[in-house]
Number of protein chains: 2
Amino acid sequence: MTQNSNAALFLEKKLLGSLPGLSIDCVIFGYKNHELFILLLQWKHDNMWSLPGGFIHKDEDMDKAAYRVLKERTGLDSIFLSQFHTFGNRDRIGKEHENSLKKRQLLLKELYKNQPKIIEWLNKRFITTGYFALVDINQTNPKPDFMTIQCAWQSIKSIPSTIMDHREIIEKALQQLRIQLNYLPVGLSLLPTKFTMQDLQKLYEAILQKKLERSNFQRKMLKLDVLVRHEKQMTGAANKAPYLYSFNQEKYDLLLKKGIGLSF
Amino acid sequence: MTQNSNAALFLEKKLLGSLPGLSIDCVIFGYKNHELFILLLQWKHDNMWSLPGGFIHKDEDMDKAAYRVLKERTGLDSIFLSQFHTFGNRDRIGKEHENSLKKRQLLLKELYKNQPKIIEWLNKRFITTGYFALVDINQTNPKPDFMTIQCAWQSIKSIPSTIMDHREIIEKALQQLRIQLNYLPVGLSLLPTKFTMQDLQKLYEAILQKKLERSNFQRKMLKLDVLVRHEKQMTGAANKAPYLYSFNQEKYDLLLKKGIGLSF
DNA sequence: GCAAAAGTGTTCTCTATACACCCATGG
DNA sequence: CCATGGGTGTATAGAGAACACTTTTGC
């Protein structure tokens, strides 16, 4: 028995134990080199990209399912994850080139030629709920599955061709992230534990895709009273060394509860 | 053949043509006598209340389904309607008293005793997407269906016992409405075409459940530049007569597009 | 000393908020 | 004239944006 058919058997059991017609798609944001990235999977055969997604087990909370998908792909456990929209257009599957769609359907047919149940299950109309997550890119270990070639971080500035309406889902997630930026102290999830104020600013600039004023940014962040200042870091550069900061978890949680009112 | 079994036959056809395991629930807000109301249905037998809901036809966009549900219940056509959250907890059905749940299941069994397909279809786990709508209460004509006793406006200050997690859905809708208040010129949907500034303020106070400052409220609203001032209205009361206002549709649409940043 | 980036200070404008004041109306 | 609510004005505090000034660092 090949590895593929093993996997296919496993999948059949998994699918038939999941709610039909419903899926989860995760827009996982990461940050590196002053750029915002999204974790995408590339499919075999048609080379199109898709969001990491999954299905909801029959005895599983939907939110739990989203956490599980995230864990499966990134290896990360408890991080920021939030539902943002449910996509239920009749023709959401048709929002890509017919050509790619056919290729992917052929791939499925080939993989599951002995399991008509799977084919039937997968070919139904699906409604999907989008979640977005923020992760520290260095702590992740992305894994493709047996239907995909690779699992890679893609810059939001150059998102490759995606299947179905995944492009639309990504855009909506970005919108939401930008709105939430004024209510969430976002850095904690996306940055390493210690960082400079410039790091934090670059992160905000990457998300908002616009320049922010340095001194005002600093004041605003410090005023939130969630950052702890540490010793300076000698960079070797011919200029003043910046302080390092980290988040005070307690104060961060407090702030999350009452909600902040930043705006950029 | 009784009216009930006619209706049941009709329903069977409708249900089997809908996506299984998925529903729509509408939190329809109305406004009257300085109070915010929600349209609720009271079930036969157990007397519990539920949100007006429905299912998504197999060839229907999810948003369209929500509009259809709204139309079925209120008779209203095109009004403000917005998806706010999808509820997918495994035990969302169990969030009410077991007793009521059993009574409702008995009612279903009685209604559909010759249609096991319907019973099976309805007894599955459901994931529901919540929409909230804003309507002018005077323009509506609420209609119960054959499973419910009545369709009535209930004050948000005294919401009766609801089935499943509908209470939670209502709370979430209220939260969303309060947040959106700072981005949407809400009055257009909830007030008659002409109204006084006090009417508008009372509406905001009903939604936010707190008193607002009169003079500042007036200035803030006028500054939005979406209101048209009309002739004064003599009320017969022993005081200065207030101006009447209405919304300028064009300016309102413009404002919707760019989004406003009110805060209360 | 000089360039470059960090950190702090200053100014201006706009908004939110509280409250004062005058106006219209009917008894 | 007076009570009541409508409409406008004003004073204060704080946030945001733009920009100036000082400090630190390596060359």
Side-chain angles (χ1 to χ4, degrees), chain A residues 33-34 178-179 181-183 185 187 191 194-205 207-246 255 258-264, chain B residues 33-34 178-179 181-183 185 187 191 194-205 207-246 255 258-264:
Chain A
N33 301 333
H34 306 162
R178 284 175 182 142
I179 291 172
L181 210 52
N182 292 334
Y183 303 96
L191 290 175
K194 287 192 181 181
F195 50 88
T196 67
M197 196 56 80
Q198 193 188 177
D199 293 335
L200 193 57
Q201 185 178 338
K202 289 268 165 62
L203 167 60
Y204 274 75
E205 290 178 342
I207 294 175
L208 296 170
Q209 294 282 295
K210 70 173 178 186
K211 289 272 169 222
L212 302 173
E213 211 286 327
R214 188 180 54 89
S215 64
N216 294 330
F217 181 84
Q218 167 131 323
R219 241 192 312 272
K220 216 185 273 192
M221 285 300 151
L222 291 177
K223 202 171 199 179
L224 292 180
D225 193 30
V226 285
L227 295 179
V228 187
R229 182 177 276 186
H230 299 280
E231 77 289 355
K232 290 192 177 193
Q233 175 197 37
M234 291 304 167
T235 58
N239 51 40
K240 195 173 179 177
Y243 288 111
L244 285 180
Y245 295 90
S246 68
L255 196 60
K258 69 168 184 170
I260 56 177
L262 285 175
S263 68
F264 289 96
Chain B
N33 301 334
H34 306 162
R178 284 176 182 141
I179 292 172
L181 209 52
N182 292 332
Y183 302 96
L191 290 175
K194 288 194 181 181
F195 50 88
T196 66
M197 197 54 81
Q198 194 188 177
D199 292 336
L200 192 58
Q201 184 177 338
K202 288 268 165 65
L203 166 60
Y204 273 74
E205 290 178 341
I207 295 176
L208 296 170
Q209 293 283 293
K210 72 174 179 187
K211 289 272 167 219
L212 300 174
E213 212 285 328
R214 187 179 55 88
S215 64
N216 295 330
F217 181 84
Q218 167 130 321
R219 240 191 313 269
K220 216 184 276 191
M221 285 300 150
L222 291 178
K223 201 170 199 179
L224 291 180
D225 193 29
V226 286
L227 295 178
V228 187
R229 181 178 277 186
H230 300 278
E231 77 291 355
K232 291 193 177 193
Q233 173 198 39
M234 293 301 165
T235 58
N239 51 41
K240 196 173 179 177
Y243 288 111
L244 285 180
Y245 294 91
S246 67
L255 197 58
K258 68 169 185 169
I260 55 176
L262 284 175
S263 67
F264 290 97

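Quick note on labels: first sequence line is chain A, next is B, and so on, each numbered from 1.
- Computed from coordinates, the Leu208(A) CG to dG16(D) P distance equals 14 Å when rounded to whole Å.
- Following rounding to the nearest Å, Gln218(B) (CD) and dG9(D) (C1') show an atom-to-atom distance of 13 Å.
- Closest to the side chain of Tyr243(B), from the set dG6(D), dG7(D), dG7(C), is dG7(D).
- Remark: P of dG6(D) and OH of Tyr245(B) are 11 Å apart, rounded to the nearest angstrom.
- Distance NZ (Lys220(A)) to P (dG7(C)): 18 Å, rounded to an integer number of Å.
- Under the side chain to side chain contact (heavy atoms under 4.5 Å, CB included) criterion, Lys211(B) pairs with Glu205(B), not counting sequence neighbours.
- Partners of Arg214(A) by side chain to side chain contact (heavy atoms under 4.5 Å, CB included), not counting sequence neighbours, listed by chain and number: Gln201(A).
- One interatomic measurement links the two molecules: CE of Met221(A) to P of dG16(D), which rounds to 11 Å at whole-angstrom precision.
- Leu208(B) contributes atom CG, which lies 6.5 Å from atom CZ of Arg178(B) (distance to the nearest 0.5 angstrom).
- Regarding Leu200(A), its CG atom lies at a distance of 13 Å from the P atom of dA6(C), rounded to whole Å.
- Listed by chain and residue number, nothing satisfies the side chain to side chain contact (heavy atoms under 4.5 Å, CB included) test with Lys223(B) (two or more places apart in sequence, or in another chain).
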Seminar exercise, completed: Reading nucleotides 19-27 of chain D from 5' to 3' and marking B where a protein heavy atom lies under 4.0 Å of the base, S where only the sugar-phosphate is that close, and - otherwise, the string is B---BBBB-
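- Atom NZ of Lys223(A) and atom P of dT8(C) are 15 Å apart (whole Å).
- Every residue two or more places apart in sequence or in another chain that forms a side chain to side chain contact (heavy atoms under 4.5 Å, CB included) with His34(B) is listed here: Tyr31(B), Lys202(B).
- For Tyr245(A), the ring-ring contact (aromatic ring centres under 6.0 Å, His included) criterion is met by no residue, not counting sequence neighbours.
- Counting to the nearest Å, the P atom of dA6(C) and the CG atom of Leu212(A) are 14 Å from each other.
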